[in-house]
4 protein chains.
Amino acid sequence: MTLADSTAGQRGTPARGRPRSEALEHAIIEGVLTLLEDGVPLAELSMERIARTAGVGKATIYRRWRGKEELFVDVVRAAEPAEPLLPGTSLRDDLVVMLEWMRRRGLAGRSSAVLRNVHAQMKSSPRIWAAYETSVVRPRRNALVEVLRQAQQRGEIRADVDVRLAYDLLTGPMLLRSVLRPDGDLPEDLAERIVDTVMEGLCPPAGEPPR
Amino acid sequence: MTLADSTAGQRGTPARGRPRSEALEHAIIEGVLTLLEDGVPLAELSMERIARTAGVGKATIYRRWRGKEELFVDVVRAAEPAEPLLPGTSLRDDLVVMLEWMRRRGLAGRSSAVLRNVHAQMKSSPRIWAAYETSVVRPRRNALVEVLRQAQQRGEIRADVDVRLAYDLLTGPMLLRSVLRPDGDLPEDLAERIVDTVMEGLCPPAGEPPR
Amino acid sequence: MTLADSTAGQRGTPARGRPRSEALEHAIIEGVLTLLEDGVPLAELSMERIARTAGVGKATIYRRWRGKEELFVDVVRAAEPAEPLLPGTSLRDDLVVMLEWMRRRGLAGRSSAVLRNVHAQMKSSPRIWAAYETSVVRPRRNALVEVLRQAQQRGEIRADVDVRLAYDLLTGPMLLRSVLRPDGDLPEDLAERIVDTVMEGLCPPAGEPPR
Amino acid sequence: MTLADSTAGQRGTPARGRPRSEALEHAIIEGVLTLLEDGVPLAELSMERIARTAGVGKATIYRRWRGKEELFVDVVRAAEPAEPLLPGTSLRDDLVVMLEWMRRRGLAGRSSAVLRNVHAQMKSSPRIWAAYETSVVRPRRNALVEVLRQAQQRGEIRADVDVRLAYDLLTGPMLLRSVLRPDGDLPEDLAERIVDTVMEGLCPPAGEPPR
DNA sequence: GCCTAACCGAGACGGTACGTCACGTCTTTTA
DNA sequence: TAAAAGACGTGACGTACCGTCTCGGTTAGGC
């Protein structure tokens, strides 16, 4: 599930020596999250400080993660709230639930601080970012794209619309507000407004006379 | 124009001693851009290496910028292509030109590498990011928001649409593709497709029977 | 005999559980000696490497010795060749045998490498050095000093000579050559030459005219 | 003179950049000596502590010496008292002055602590010990051996005595007492007694009847 | 022939020091 | 005074070893 423990995950070896404590993995990640929530700037998050905060030796961290960036992948994972169950009652309901989840994620709590900082840090390392993208972002996108595709087959979406583009049209604006924009405001009805506006379009219905 | 020169910008001093070489500022910024274009990971861009690449002493850099992040602000500025002149022939034309500019920016050359990396790095420093946001991003946004506002007054956009939201609906998807998504594909007609789809909406016109 | 086994040496407890393997003590000490003979620098003799070489867990070593220095005491002991039986035929014979033993000790094999290296290391720990000095060096010195004292009583040594000084006059030079001097040459007749020269003196017999 | 600054000692280069502060070299070495005099065990003399004591960055030490052992060579050098001027009035006078200098060296002050500890440490690294032996010990030995050789030509030493052996016969005992023996006593007349006894021999003059 | 305590290999664990590297400042010489 | 060069204090990096601790798995008694 995590990037940690990757080398110890081999099956077949009957687990020699003292096993790694799973509790420590949690302690380390939780320690990082607590520091971030407390407003510690990312630049001050040295491995030494992380180890000290978690009450752990540095080697214990390096035994689990290859470096700071790999650790941050698991930190971001741990910070993300559980993905929502889509109600499936209608396309609009599913989209609103998904975007509302994204909105809340950027609002407060751990995910907010983590998203705005560590996200950016991870992008600096293409290798790490790719790992995160593959294991976290892409599956989530694929799920919602599939929802859109089925809606298109039901006729709820115009047949000539590229569902991948539709996905970006819906999530791009929310991502812009909740992650990229510093201090961006996220009003409560933002998800609904994005979904409704994108689905209906910016232009007035044809045939309606310009005011 | 740049953040550089901040300390030497005092007028009144009759410029004693050897004057600062303006050429060096360019040499430094160009050196960083060349390194980035050559695929040097951001983590390996130390001040020491930057100085060596530019054939310049470290003090010469620190005389011009307070630190690495401030230097990067000017690097990002130098990498960004000139903003496009909006034709003004129609709302659609203006939007397509703007989004096409964003698309090209993320395609190749220096701006691409810079956007994907240094952007992210700057986000880690709230102070620096705020400076960049205020002096570069916000004016550009304000300009386009004003375009949208005038179109709304002309009736080209529904009266009940929040123009700030409209801005995000249009630029969010393009940002998502051109900056955030690694190796995202950017087809030539992407700008047009985003503008048209957002303006007309995802749903089929009312009254039209589902397939 | 050794420093090992110190904790298990308690009598009274009827020795429950699996007894310690005596073979392992030998394996560990022999492993260290083999490494030293193979020219491994003392600085690379980590407990981890010692354990690996002996095919033994680290705890197995720490169960027997308190630390590296205490282990080295037993290593030095194991490396030292058996002390010679003094013939007792004459003072000169006894001294030559003793010094010849010291000479051979510094020549080759395990004792040489150990003397030149581990000896020095032990000196860095006063506690350990004192233990070694008390249990190994001092008895040997006392024995030879007693030989000298008896020879003095027999008139073989001048009555005004301090026998403790005499001991140093005889062994000091050999120690200097066989332990302290790197690559010092140790000719076969060295012991005889030292003994004879010290006993007779450097100066020509009085009354003999300077050449 | 010292091992430090070895790389910067190239002539021809016109000394670009800020020159290394000679004062810091002294500060570092003096710091180590002070710690040793204060009884700090050698094992606690980490580079980090040395740097902290001298008020110096670690890099400043590593810029001058390759590692701890090379630093210790210069520390030992600095601790050694100035070599005595031999009076030249007679062989006996020269020898007594030299051995008395060795005795005092082992008595107190910095040289004592340094000799007993760092000496031993240096021996653990053959490379370092060889450097020390070549640049410090050997010249001193050569000087005294030359004195002995000339005395032999004057007839003050028996013609059949090997002067190199004579050197060891004289210095070996003093070294044994002043450096190797822990808590060895060094009476004031030790130098004289060693010189006189070695020169005259342990045995009573021939022809004298055993008492 | 079990039972059980201690031993054993392996290796995780909290520490500490290593030697390197980068930061931002400073101190030289040269222009 | 600017500039190149590079020394400087600071502090993080990732590695290695220390001595301790926990695992599963042996290996001897004592019953």
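Computed over heavy atoms, backbone and side chain alike; hydrogens, waters and symmetry mates excluded. Proteins come first, then strands; the chains are lettered A, B, ... in the order of their sequence lines, and each starts at number 1.
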Enquirer: Starting at atom CD of C:Glu22, determine the distance to atom P of F:dT27, rounded to an integer number of angstrom.
Expert: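 One finds 17 Å between P of F:dT27 and CD of C:Glu22, rounded.
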Enquirer: What is the distance, to the nearest angstrom, from the CD atom on D:Glu69 to the C1' atom on E:dC18?
Expert: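 It works out to 13 Å between those atoms.
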Enquirer: Taking side-chain hydrogen bond (donor to acceptor under 3.5 Å, both in side chains) as the definition, give me every residue that meets it alongside D:Tyr62, ordered by chain and number, with sequence neighbours left out.
Expert: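 In terms of side-chain hydrogen bond (donor to acceptor under 3.5 Å, both in side chains), with neighbours along the sequence ignored, D:Tyr62 is linked to no residue.
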Enquirer: Roughly, in whole Å, what's the span from CG in C:Leu24 to P in F:dT27?
Expert: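 About 12 Å, once rounded to whole Å.
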Enquirer: Starting from P on E:dA10, measure out to CZ on A:Arg20 and report it in whole angstrom.
Expert: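 Answer to the nearest Å: 17 Å.
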Enquirer: Which whole-number value in Å describes the distance from A:Glu70 CD to F:dC13 P?
Expert: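 Answer to the nearest Å: 15 Å.
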Enquirer: Quick check for you: among E:dC8, E:dA12, F:dG9, whose closest atom lies nearest to any side-chain atom of C:Thr60?
Expert: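 Within the option list, the nearest is E:dC8.
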Enquirer: Would C:Glu22 and C:Arg64 count as a salt bridge (charged side-chain N to carboxylate O under 4.0 Å, His left out) if you check the C-alpha gap in whole Å, the side-chain angles of each, and the deciding distance to 0.1 Å?
Expert: CA-CA 10 Å; C:Glu22 292 183 30; C:Arg64 287 165 168 76; over 6 Å; no
Enquirer: Which residues pass the side chain to side chain contact (heavy atoms under 4.5 Å, CB included) test with B:Ala78, sequence neighbours left out?
Expert: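 Scan of B:Ala78 (side chain to side chain contact (heavy atoms under 4.5 Å, CB included), adjacent residues dropped) gives B:Ile29, B:Leu33.
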Enquirer: All N/O contacts under 3.5 Å from nucleotides 18-23 of chain F to the protein, with atom names and distances to one decimal?
Expert:
residue : atom : partner : partner atom : Å
F:dC18  : OP1  : C:Met47 : N            : 2.9
F:dC18  : OP1  : C:Lys68 : NZ           : 3.0
F:dC18  : OP2  : C:Met47 : N            : 2.8
F:dC18  : OP2  : C:Glu48 : N            : 3.3
F:dG19  : OP2  : C:Tyr62 : OH           : 2.5
F:dG19  : O5'  : C:Tyr62 : OH           : 3.4
F:dG19  : N7   : C:Lys58 : NZ           : 3.1
F:dG19  : O6   : C:Lys58 : NZ           : 2.7
F:dC21  : O2   : A:Arg18 : NH1          : 2.9

Enquirer: Is there a donor-acceptor contact under 3.5 Å from the side chain of A:Thr60 to the main chain of A:Val56?
Expert: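 No; zero donor-acceptor contacts below 3.5 Å.
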Enquirer: Go nucleotide by nucleotide along DNA chain E from the 5' end; which of A:Val56 and C:Ala51 gets its closest nucleotide reached first?
Expert: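 First, find each residue's nearest nucleotide; the 5'-ward one identifies C:Ala51.
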Enquirer: Nearest whole angstrom, please: distance from the P of F:dA5 to the CD1 of B:Ile61.
Expert: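 Checked: the CD1 to P distance equals 12 Å.
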Enquirer: Can you work out whether A:Arg52 or D:Gly55 has the more 5'-proximal nearest nucleotide on DNA chain F?
Expert: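 Looking at DNA chain F, the more 5' nearest nucleotide goes with D:Gly55.
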Enquirer: Identify, with sequence neighbours excluded, every residue that meets side-chain hydrogen bond (donor to acceptor under 3.5 Å, both in side chains) alongside D:Lys58.
Expert: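 D:Lys58: side-chain hydrogen bond (donor to acceptor under 3.5 Å, both in side chains) contacts with D:Glu48.
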Enquirer: Taking CD1 from B:Ile50 and P from E:dG24, how many angstroms apart are they, rounded to a whole number?
Expert: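 In whole Å, E:dG24 P lies 10 Å from B:Ile50 CD1.
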Enquirer: I'd like to check the side chain to side chain contact (heavy atoms under 4.5 Å, CB included) partners of D:Glu44; sequence neighbours left out, ordered by chain and number.
Expert: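 In terms of side chain to side chain contact (heavy atoms under 4.5 Å, CB included), with neighbours along the sequence ignored, D:Glu44 is linked to D:Val40, D:Pro41, D:Arg49.
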Enquirer: Among E:dC8, F:dA7, E:dG14, which nucleotide sits nearest the side chain of D:Arg64?
Expert: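 My answer, after comparing the listed nucleotides, is F:dA7.
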Enquirer: D:Ser135: what forms a side-chain hydrogen bond (donor to acceptor under 3.5 Å, both in side chains) with it, not counting sequence neighbours?
Expert: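 D:Ser135: side-chain hydrogen bond (donor to acceptor under 3.5 Å, both in side chains) contacts with D:Arg77.
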